[in-house]
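All chains are named by letter (A, B, ...) in the order of the sequence lines, taking the proteins before the strands, and each is independently numbered beginning at 1.
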There are 2 protein chains.
Amino acid sequence: MKNILFGFISKYISLTEDEKNAILSLDLFRSVKKGTVLLKEGQKSQDELFVLKGCIRKYYIIDGEEKTTAFFTEMEGLVPHCVTNNAPSEYFVSCVEDTILTVTNPDMGAGLNVTFPKFEIMCRMLSEELLAKQQIDFDEFKTSSPEQRYLNLLQNRPDLIQRVPQHQLASFLGIKPQSLSRLRARILEKDKT
Amino acid sequence: MKNILFGFISKYISLTEDEKNAILSLDLFRSVKKGTVLLKEGQKSQDELFVLKGCIRKYYIIDGEEKTTAFFTEMEGLVPHCVTNNAPSEYFVSCVEDTILTVTNPDMGAGLNVTFPKFEIMCRMLSEELLAKQQIDFDEFKTSSPEQRYLNLLQNRPDLIQRVPQHQLASFLGIKPQSLSRLRARILEKDKT
DNA sequence: ACAACTCGTTCACTTAAGTTAAGAAATGCC
DNA sequence: GGCATTTCTTAACTTAAGTGAACGAGTTGT
């Protein structure tokens with residue numbers, strides 16, 4: 001696990017052994033079972049999540065229905081909105097698979113940032129990268145139909161389609177499970193021809 | 001104009017007179033006419049835009065059709081993707097109205113950041129704020145129907161509906177102009193009852 | 001002033017997504 | 001193993017969005 005984390009960090013900054021040990025001493029790693037709920041609506045958590053192995057999802061419950069809006073897999077991190085604005089969470093986060101992740105909170109983070117200014121730099125790089133990606137994703141979503149979105153997903157994240165239940169994928173694509181099922185049948189039909 | 005800019009900045013950091021003068025000496029302000037194209041697809045610009053007065057929009061041309069994905073009005077800024085990743089732009093940016101904005105680029109920015117580290121701090125705050133907002137907006141978009149999206153817009157940005165042409169609003173809502181027209185008629189019909 | 005465009009709306013028709021319900025397949029739990 | 005639950009698919013029907021075309025109002029340009 002250490003190696004995965006440090007491998008990821010090394011893409012942004014380089015760490016000395018001392019720094020690595022400082023990080024490890026924080027006891028960040030958590031191993032959680034499929035289905036575990038990491039964050040509930042209404043909860044005021046300060047925890048930032050970073051997935052080392054497995055998959056977590058973010059979802060709302062609207063009119064009693066789960067609406068999944070994002071998945072996070074290996075090397076992807078989620079800073080819940082409630083951490084940023086210090087308000088109760090609007091959404092849930094749970095594990096799609098057995099997952100290993102790091103859990104950090106600003107207190108620990110501030111400590112690290114003070115000790116190692118590099119961290120501040122990495123966080124900014126990460127958040128800029130994320131913002132850019134997010135904007136492109138949003139644009140793509142707006143400019144395509146459900147079917148195109150599914151085909152794009154098939155191209156860009158084929159793993160998600162395999163590892164995530166259909167009904168969760170459906171709301172991620174902005175449609176109902178039945179529509180996804182039908183849409184897939186439609187595509188298969190076309191492929192045959 | 002100065003006042004608008006400094007008023008905005010003061011929400012994040014406080015500036016001395018010297019710092020204000022340093023900023024003004026950069027000659028950031030631009031006054032552009034409605035319809036002016038500020039960024040073209042394929043272009044490699046380094047300019048970051050911040051709207052002081054007026055409205056600009058970001059749009060793609062896909063299969064010969066304009067797809068508007070974002071509007072930026074007073075006190076909103078756009079750092080085009082091509083600035084971040086130093087590649088040709090995927091989209092266009094043009095003025096919906098006569099607009100006054102600041103145009104900055106990383107060279108100037110770096111100069112400022114070096115001279116006044118505060119700026120770095122403000123930029124990070126801005127980008128974090130934006131990222132959070134963007135995520136919520138994306139979630140809202142995914143979890144609602146075109147009609148709900150229109151009603152939300154009516155709630156949250158009634159000005160946009162007034163100042164922006166319908167066909168641009170339509171793709172912003174992820175639908176065709178005719179559908180927006182129909183959807184609006186439908187809502188009016190309901191209101192009567 | 002007139003022609004050429006743009007823009008918004010409407011209509012008829014097509015296509016796809018929402019809804020409700022039912023049943024098959026897979027999964028989880030004694 | 002067997003029962004219950006969840007997940008996925010299918011189907012029939014409803015509703016809304018896409019498409020192509022037409023029209024009038026407003027704008028632009030000459």
Side-chain angles (χ1 to χ4, degrees), chain A residues 33-37 55 57 59 61-68 71 92 94-98 141-154 160-193, chain B residues 33-37 55 57 59 61-68 71 94-98 141-154 160-190 192-193:
Chain A
K33 278 237 173 320
K34 176 174 173 175
T36 310
V37 177
C55 177
R57 67 185 248 267
Y59 60 101
I61 295 189
I62 299 173
D63 299 333
E65 253 186 297
E66 278 189 12
K67 306 260 190 178
T68 300
F71 297 100
F92 297 78
S94 81
C95 297
V96 173
E97 309 170 341
D98 291 351
F141 194 93
K142 275 189 181 166
T143 58
S144 41
S145 66
E147 183 166 331
Q148 287 171 310
R149 295 201 281 261
Y150 178 78
L151 291 171
N152 284 339
L153 198 66
L154 209 53
L160 270 191
I161 295 178
Q162 298 309 316
R163 66 205 291 194
V164 164
Q166 299 291 325
H167 65 281
Q168 292 172 11
L169 266 185
S171 51
F172 181 67
L173 295 170
I175 56 175
K176 304 280 160 181
Q178 296 91 321
S179 298
L180 177 53
S181 206
R182 188 166 36 194
L183 179 159
R184 294 177 51 157
R186 202 162 60 218
I187 290 171
L188 280 177
E189 202 51 43
K190 282 182 196 159
D191 277 356
K192 262 191 236 164
T193 333
Chain B
K33 278 238 173 320
K34 175 173 172 175
T36 310
V37 176
C55 178
R57 67 186 247 266
Y59 59 100
I61 295 188
I62 299 175
D63 300 333
E65 254 186 300
E66 278 189 13
K67 306 259 189 179
T68 301
F71 298 100
S94 82
C95 297
V96 174
E97 309 169 343
D98 291 352
F141 194 92
K142 276 189 181 167
T143 57
S144 41
S145 67
E147 184 168 330
Q148 288 172 309
R149 295 201 281 262
Y150 177 78
L151 291 171
N152 284 339
L153 198 65
L154 210 52
L160 270 191
I161 295 179
Q162 298 308 317
R163 67 207 289 194
V164 163
Q166 299 290 324
H167 66 280
Q168 292 173 10
L169 266 185
S171 52
F172 180 68
L173 294 171
I175 57 176
K176 304 279 160 181
Q178 296 92 322
S179 299
L180 177 54
S181 207
R182 187 166 36 194
L183 178 160
R184 293 178 51 157
R186 204 163 59 220
I187 290 172
L188 279 178
E189 203 50 43
K190 281 182 197 161
K192 263 189 236 163
T193 335

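- Remark: A/H167 is not in phosphate contact with D/dT6, judged by side-chain N or O atoms under 4.0 Å from OP1 or OP2.
- Checking the phosphate oxygens (OP1, OP2) of D/dA17, a side-chain nitrogen or oxygen of B/R186 falls inside 4.0 Å.
- Distance, A/R149 CZ to C/dA17 C1': 11 Å, rounded to whole Å.
- Residue B/P177 is classed as having no contact, given no heavy-atom separation below 4.0 Å to the nucleic acid.
- With rounding to whole Å, B/I175 atom CD1 is found 19 Å from D/dT15 atom P.
- Smallest separation of non-hydrogen atoms from A/S144 and A/N152: OG-ND2, 4.2 Å.
- In this structure, the nucleotide among D/dA21, D/dT7, D/dT10 sitting nearest to the side chain of B/Q178 is D/dA21.
- B/R182 comes within contact range of at least one nucleobase, with a heavy-atom separation under 4.0 Å.
- The distance from atom CD1 of B/I187 to atom C1' of D/dT15 is 15 Å, rounded to the nearest whole Å.
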Q: In sequence, state the C-alpha distance, the side-chain angles, and the governing distance for A/E66 and A/F92, and then conclude on side chain to side chain contact (heavy atoms under 4.5 Å, CB included).
A: CA-CA 9 Å; A/E66 278 189 12; A/F92 297 78; over 6 Å; no
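- Among the nucleotides D/dA17, C/dG28, C/dT9, the one closest to any side-chain atom of B/Q166 is C/dT9.
- B/Q148 places its CD atom 11 Å from the P atom of D/dA17, with the value rounded to the nearest Å.
- Here C/dG28 presents its P atom at 12 Å from NZ of A/K33, a figure rounded to the nearest Å.
- Of all heavy-atom pairs between A/S94 and A/G35, the closest is CB-O, 4.4 Å.
- Here C/dC7 presents its P atom at 15 Å from CZ of B/R184, a figure rounded to the nearest Å.
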**Q.** Check against side chain to side chain contact (heavy atoms under 4.5 Å, CB included), A/F172 and A/V164
**A.** CA-CA 11 Å; A/F172 181 67; A/V164 164; over 6 Å; no
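- The aromatic rings of B/F141 and A/F141 lie perpendicular to each other, with more than 60° between the two planes, well past the 30° mark.
- At the phosphate of C/dG18, OP1 or OP2 sits under 4.0 Å from a side-chain N or O atom of A/S179.
- Across D/dG18, D/dC8, C/dG8, the shortest atom-to-atom separation from the side chain of B/K176 is found for D/dG18.
- Rounded to a whole Å, the CD atom of B/E65 is 10 Å from the C1' atom of D/dG18.
- Between the C1' atom of D/dA17 and the CG atom of B/L173 lies a distance of 13 Å, rounded to the nearest Å.
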